[in-house]
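Everything below concerns the one structure shown next.
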There are 2 protein chains.
Amino acid sequence: MEITQETDYAVRCVLYLSETGSDRPVMIETIAADMCIPRSFLAKILQKLAKAKIVRSFRGARGGFQLACKPKDISLLKVVEAIEGPVAMNRCTVEPKRCGFSRTCTVHPVWKSLRKVVSDYLAATDFEMIMKPRK
Amino acid sequence: MEITQETDYAVRCVLYLSETGSDRPVMIETIAADMCIPRSFLAKILQKLAKAKIVRSFRGARGGFQLACKPKDISLLKVVEAIEGPVAMNRCTVEPKRCGFSRTCTVHPVWKSLRKVVSDYLAATDFEMIMKPRK
DNA sequence: ATTATACAGGACCAATATTATCCCGAATAA
DNA sequence: TTATTCGGGATAATATTGGTCCTGTATAAT
């Protein structure tokens, strides 16, 4: 039922990039230090975020990471799914093949519906909303 | 983000007891066979359900398990928490001591709020609702 | 009372997932 | 050309999950 530590790192990392709003790429090293995330683990996380087009990476000297779009256009769902894959409460709602009961199981629709509740909530929350108001 | 296999077993087990509606206790053996749940694993699960007062156990010959109350009075939340402990999306919302950021972290309230959404949904779903309508 | 039955609970184990770390190669700015 | 920074594969430590087994205890039936 819980998100993983990795997902928590990912969310805080995107939030960090949202808040700094730098036009220069930020190095893994810097983010790791500022957010207390193990450097090499964060590197892996940023790879996933880059594949999901949430951040852009730049190699070489002065390289690093930037948001690929505005905080407002990044939902929590996008980040969570970039790390954990499709959100679901129960495997059987994702791969029904492996659940012999799915056809007759009356719990199945409940998990599906809860999944929608969660996923809608996450989709409706973007990083502009999560950011501290700067005023 | 997913419930565990164990929780899935627990829910299906309570559903089974709801649907059979037997006034005689049902043996672990029987439930295990009917629901395709490993016998000794199910035994552990039923222990947890008994501690949570969701089922009653009877020892000795003709022993077994019965629901401790009506399906209508058992929420999905009760069963899930009997197995997994308090539902939460993020550890930091349960034990804030271990999260140095919780005071300033702007994601924190989001997880808390999502937790409420999920927990409300689970609390609103009881086993009479989950049971097949008998007509 | 005795006995067969069925759960209680502790110890233990295997498989899998999570949380990392390290290294070498590829891109790239200076 | 070189120092820098990410990309990605391999690997390892730890935690969690899923599951078994065995002994003890309660209890219904005889």
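Letters A, B, ... are given to chains in the order of the sequence lines, protein chains preceding strands, and every chain is numbered from 1.
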Between [options], which one does the side chain of [X] approach most closely?
X: Arg59(A); options: dA6(C), dA27(C), dA26(D); answer: dA27(C)
X: Pro38(B); options: dT28(C), dA8(C), dT20(D); answer: dT20(D)
X: Arg39(B); options: dA20(C), dC7(C), dC6(D); answer: dC7(C)
X: Glu6(B); options: dG18(D), dG19(D), dT27(D); answer: dG18(D)
X: Arg91(A); options: dC6(D), dA26(D), dG18(D); answer: dG18(D)

**Q.** Full working for side-chain contact (heavy atoms from CB on, under 4.5 Å) between Val26(B) and Gln66(B)
**A.** CA-CA 7 Å; Val26(B) 186; Gln66(B) 270 183 345; over 6 Å; no
Q. When Ile28(B) is tested against each of Leu42(B), Ile45(B), Ile37(B) for side chain to side chain contact (heavy atoms under 4.5 Å, CB included), which residue passes?
A.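 Per the side chain to side chain contact (heavy atoms under 4.5 Å, CB included) rule, the option paired with Ile28(B) is Leu42(B), out of Leu42(B), Ile45(B), Ile37(B).
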Q | First of Phe58(B) and Phe58(A) reached from the 5' end of DNA chain C, by closest nucleotide | A |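 On the 5' side of the pair lies Phe58(B).
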Q) CD of Glu81(A) to NZ of Lys48(A): how many Å apart, nearest 0.5 Å? A)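 Answer for the CD-NZ pair, Glu81(A) versus Lys48(A), is 13.5 Å.
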Q.
If I take atom CD1 from residue Ile3(A) and atom CZ from residue Arg91(B), how far apart are they, to the nearest 0.5 angstrom?
A.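 Taking CD1 in Ile3(A) and CZ in Arg91(B), the distance rounds to 9.0 Å.
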Q. So, is Arg62(A) close to the dT5(D) phosphate, meaning a side-chain N or O under 4.0 Å from OP1 or OP2?
A.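 No, no such contact exists.
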Q: Ignoring backbone atoms, test whether Tyr9(B) places a side-chain nitrogen or oxygen under 4.0 Å from the OP1 or OP2 oxygen of dG19(D).
A: yes
**Q.** Closest-nucleotide ordering on DNA chain D, the 5'-leading residue of Gln47(A) and Ala61(A)
**A.**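 On the 5' side of the pair lies Ala61(A).
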Q: Write down the atom of Phe127(B), the atom of Leu15(B), and the distance for their closest heavy-atom approach.
A: CE2-N, 3.7 Å
Quick one: label [X] by what it contacts on the DNA or RNA (base, sugar-phosphate, nothing), any heavy atom closer than 4.0 Å.
X: Gln5(B); answer: sugar-phosphate
X: Gly60(B); answer: base
X: Thr4(A); answer: sugar-phosphate
X: Ser57(B); answer: sugar-phosphate
X: Leu46(B); answer: nothing

Measure [atom1]/[X] against [atom2]/[N] and give the value in whole Å, please.
X: Phe41(A); N: dA13(D); atom1: CZ; atom2: P; value: 17 Å
X: Glu29(A); N: dT4(D); atom1: CD; atom2: P; value: 13 Å
X: Arg56(B); N: dA26(D); atom1: CZ; atom2: C1'; value: 14 Å
X: Glu2(B); N: dT17(D); atom1: CD; atom2: C1'; value: 13 Å
X: Met27(A); N: dG7(D); atom1: CE; atom2: P; value: 14 Å
X: Ile37(A); N: dT19(C); atom1: CD1; atom2: P; value: 12 Å
X: Ile45(A); N: dG7(D); atom1: CD1; atom2: C1'; value: 15 Å
X: Leu42(A); N: dG7(D); atom1: CG; atom2: P; value: 11 Å

(Q) Between the base of dG10(C) and the side chain of Lys44(B), is one N or O donor paired with an acceptor at under 3.5 angstrom? (A) yes
Q. Does the ring centre of Phe65(A) sit less than 6.0 Å away from the ring centre of Phe58(A)?
A.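 They do not qualify: ring centres at least 6.0 Å apart.
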